[in-house]
Amino acid sequence: MLEDFFVLDFSYDVVDNIPVIFIWSIDRRGNRVTLVEKNFRPYFYAVVDDREDVSRVISEIKKLSKPSSPITNIEIETDRRYFGNPLKSLKIETVVPAYVRIYRDEVSKIKGVKNVLEADIRFYMRYSIDKGIKPFYWIKADVEEIQPKEIFKVKSEKLYLIKDILEIYEAEEPRLKTMAFSIEVYNKYGFPNTRRDPIIVIGVYTENGYKQFISSDYDDINVIREFIKFVNDFEPDIIFGYNSNSFDWRYLVERAELRGIKVAIGRKVNSEPSQGVYGHYSVTGRLNVDLAGVFCSSRSKSLIDLADNLGVMPKNKREILEWYEVPRYWDDKSKREILLKHNLSNIKSIYDIGQSNLHYLIQLVKVTGLPLDQLSMASSGHRIEWLLVRESKKYNEFIPNREERRTEASDEGIIVPPVSGLHNNVYMLDFSTIYPSIILKYNISPDTLVRGDCSDCWTSLNGNYKFRKDIKGLYQNVLLNLSAEIERREEIIKTLDPEKRRRLEEELRALRSILNSFYDYIRWTNARWYVKECAEGLFEWGRELILQILKIVKESGFQVIYADTDLMFFKGENDPKKLEEDIANRLSLNLKFNKFYTKLILLEGKKQYAALTKDNKVDMVGIEDYRNNWCDLAKEVLQNVVDQVLRSDKINEAVRYVKSVIYSLRRGEFKIEDLVTWNIIDKDIEEYKFDLPHIVAARKAMKSGHLVTRGSKIGYVIVKGSGKLSNRAEPYFMVKEKSKVDIEYYIDKQIIPSALKVLGLFGVKENTFKFGGTDVLNFFKK
DNA sequence: TATGACCGGGG
DNA sequence: GTGTACGGTCATA
């Protein structure tokens, strides 16, 4: 019978030595159903040297065949290309996906085999690519209902065997059931350890509001059971979390295991969340989305900051508990209400962030073809790579292997070095939008690159880089498709009332983010399609264009205070609209000044700045990275110094603030928890050869009978005394008197350096804080 | 100067 | 699961 299905996700199992692909779907009536494909087989390619006797290579490959997964077919292929060049290859098919790796290694050792390709594409992705099925698309298929066998047992009502796929099309998606969750853990001895610390609350948030499962004091077995039951009853398609891939799921599964229960929440009977690619957890048949991966892929952000930035939940409207207050608010039953409010703030903001970005995520999935759970953890480079994988299929291009390439140190980038210091009324120009047009104009692509002579090529100024004119490159095709999708939506959006625009705006945001991060892919050295000349050519042309823009900006009376390959800052009193027009007229470039900052602190390094937006929000870039191994107080000092300089403009006030922090420390007015440094014990403790501070602290904790295991995260403070610093590290919870803490260490090594990161730009010196010097005042007299 | 170990955010 | 992120900084040789 013919039916339509909306595709959510794929997975596979090996049943009776045969691979079976599951397509987790929703039918036209909104039922969750599962499609089963039994006729697809794994394969890979061996590239054969032209001078070799192919039949000999084939017979040698045949000899490798093993009964547990025989080599079922070998075909000679001559029309497939590798970086644009035709290659002779053998397509080698087997039965069990895991044997692809085994055969790949053996085949690559055969004489005459130059290379082995496409052996590292996950089986169900291979299926989805070959059949052209993308998640969040609809398929029309000829299917036959089958009864669930033991191994096929799924919780959905119906199971269909695929006989034929007739059509794959885009249409309105069914209503997706979404849910957010977050767990709270009793963390009396620092970062929670699954062997010791119970889960005390699990909060879930859905369209029906919230529910909290609360432990009976210190036993979490029923909390976990109630959560499992809730998920199975609610049957979410999407589960949102925040850092759930690195914390919540692992903690839940491990706690459950300790108590002998399974977190069986997948759509397949008895399936637990399990770790998959890109460090994500997969829940069979459901899309597990870690929003931290979506919004903070390179720079980490707290949920509080993210929700505030996205306008989902302002900081002052939420309940905030510091991590060390959690056990106190649990032990004291009269305070538990506040702990629950804290959890509610978390799950509500996770849910709202997810909901308000659902179409953004759906669009990213539709473009890249990555299932949502994987997409949420994949970097922008990986997203583009999967788009290319699908696109290359259309052109008979091989998917290149992943290769480890060392990033070469380069002086690439800086065009105008940063004029460090404080600036007023600054425009920012994001150059990421100029690169797609350069790639298109010069047809830059791995398959159009010409290394020798070329009579009909786009050639860079210095003649180093040449790209063919006669064919359309892979990249050009991809970018043209993306641009067309963008333009189509831009046309429609004009005709809609504001409230109906939201969905299209989200889709546009997704499409533009892919388009504008394409240049980042080209220079990503570990990319499958990385070609040095493409990266260098692009940035040579880019640099040329940026220099032209720079010239116009300067001629228009603006001062450029920083420019590199990604962005430019400039300031001045003249009319920016006029400048936009000038650039448009003279360079045929439609550039928008993305941001206007009323205040900008520019540091000396590459892409390091803090700025105040028109609506009085602080943007910090490249500065927070400094927080590795810094205590909370040092981070807070940096944040406050930036805030004061930006908002009040008065360096002296920021200096006074830092001094007040130092005085408070010396007077003993501080919390030990604010001075804690955190480190993970990644090895068995005996394996450490050196006395690193966190290892010494861990040994002390163990000696006092505290649980420390591989993977534990140790929080320590430095106490007074003599000798090596590491020997003065103590687990923070073992330091009972504040007077024991070596305050001068924190002042010298954490607070002052943190403050000087920014204040140093204004002539403030270490001595200013140490001896109350007057060099700041002198600086301003100049 | 190169190499390897470690970090984030979650509590 | 045809697997094990990323991009950066710091310590040590």
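Below, chains carry the letters A, B, ... as their sequence lines are ordered, and counting in each starts from 1.
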Before we go on, tell me: are the rings of A/F181 and A/F227 under 6.0 Å apart, centre to centre? yes
Output the single nucleotide from B/dG9, C/dT12, B/dG11 whose closest atom is nearest the side chain of A/E184. B/dG11
Regarding the side chain of A/A119, the nearest nucleotide among C/dT2, C/dG1, B/dC7 is C/dT2
C/dT2 OP1/OP2 closer than 4.0 Å to side-chain N/O of A/S69: no
If you look at every heavy atom in A/N343 and A/G203, which pair is closest and at what distance? OD1-CA, 3.4 Å
Quickly work out the A/K607 NZ to C/dT9 C1' distance and round it to whole Å. 17 Å
For A/D105, report the nucleic acid contact type (base, sugar-phosphate, nothing); a contact means any heavy atom under 4.0 Å. nothing
Would you indicate what A/G241 reaches in the nucleic acid, counting non-hydrogen atoms under 4.0 angstrom: base, sugar-phosphate, or nothing? nothing
Taking only side-chain N and O atoms of A/N679, does any of them lie within less than 4.0 angstrom of OP1 or OP2 on B/dC7? yes
Taking the side chain of A/R122 as its heavy atoms from C-beta onward, which of B/dG11, C/dG1, B/dG9 lies nearest to it? C/dG1
So which nucleotide from B/dG11, C/dG7, C/dT2 ends up closest to the side chain of A/W524? C/dG7
What is the distance, to the nearest angstrom, from the CD atom on A/E106 to the C1' atom on C/dT2? 15 Å
Using a cut-off of 4.0 Å on non-hydrogen atoms, how would the nucleic acid contact of A/D120 be classed: base, sugar-phosphate, or nothing? base
Could you measure between the two C1' atoms, the one in C/dA5 and the one in B/dG8, and give it in whole Å? 12 Å
Which part of the nucleic acid, if any, lies within reach of A/I102 when heavy atoms closer than 4.0 Å are counted: base, sugar-phosphate only, or nothing? nothing
Take atom CG of A/D248 and atom P of B/dG9, then tell me their distance rounded to the nearest Å. 15 Å
I'd like the P distance from C/dG7 over to B/dG11, given in whole Å. 26 Å
With sugar-phosphate meaning primed atoms plus P, OP1 and OP2, does A/S182 contact a base, only sugar-phosphate, or nothing at under 4.0 Å between heavy atoms? sugar-phosphate
Taking the minimum atom-to-atom distance to the side chain of A/V100, which one of C/dT2, B/dG11, B/dG9 wins? C/dT2
Candidates A/I353, A/N346, A/L306 - the one meeting side-chain contact (heavy atoms from CB on, under 4.5 Å) with A/Y242: A/L306
Nucleotide of C/dT2, C/dG1, B/dC7 approaching A/P42 most closely (side-chain heavy atoms): C/dT2
Heavy atoms from C-beta onward define the side chain here; which of B/dG11, B/dG9, C/dG1 lies closest to that of A/Y12? C/dG1
Can you tell which of B/dG9, B/dG11, C/dG1 lies closest to the side chain of A/F191? B/dG11
OP1 or OP2 of C/dA5 under 4.0 Å from side-chain N/O of A/N245: no
Residue set satisfying side-chain contact (heavy atoms from CB on, under 4.5 Å) with A/S345, at least two apart, ordered chain then number -> A/M313, A/R318, A/E319
Side chain of A/N243 only, please: which of C/dG1, B/dG9, C/dG3 is the nearest? B/dG9
Which nucleotide, B/dG11, C/dT12, B/dC7, lies nearest any side-chain atom of A/N187? B/dG11
Whole-Å distance between B/dG8 P and A/W323 CH2? 13 Å
Any residue meeting side-chain contact (heavy atoms from CB on, under 4.5 Å) with A/I399, in chain and number order, not counting sequence neighbours: A/E118, A/I121, A/R126, A/V389, A/S392, A/R528, A/W529
Find the distance A/Y251:OH to B/dG9:C1' and express it as a whole number of Å. 16 Å
Report yes if the distance between the aromatic ring centroids of A/Y329 and A/H342 is under 6.0 Å, otherwise no. no
Calculate the interatomic distance between A/R101 atom CZ and C/dG3 atom P; express it in whole Å. 4 Å
Output yes when at least one side-chain N/O atom of A/R104 is less than 4.0 Å from OP1 or OP2 of C/dT2, else no. no
If I compare all heavy atoms of A/V326 with all of A/V185, which pair ends up nearest, and what's the gap? CG1-O, 3.6 Å
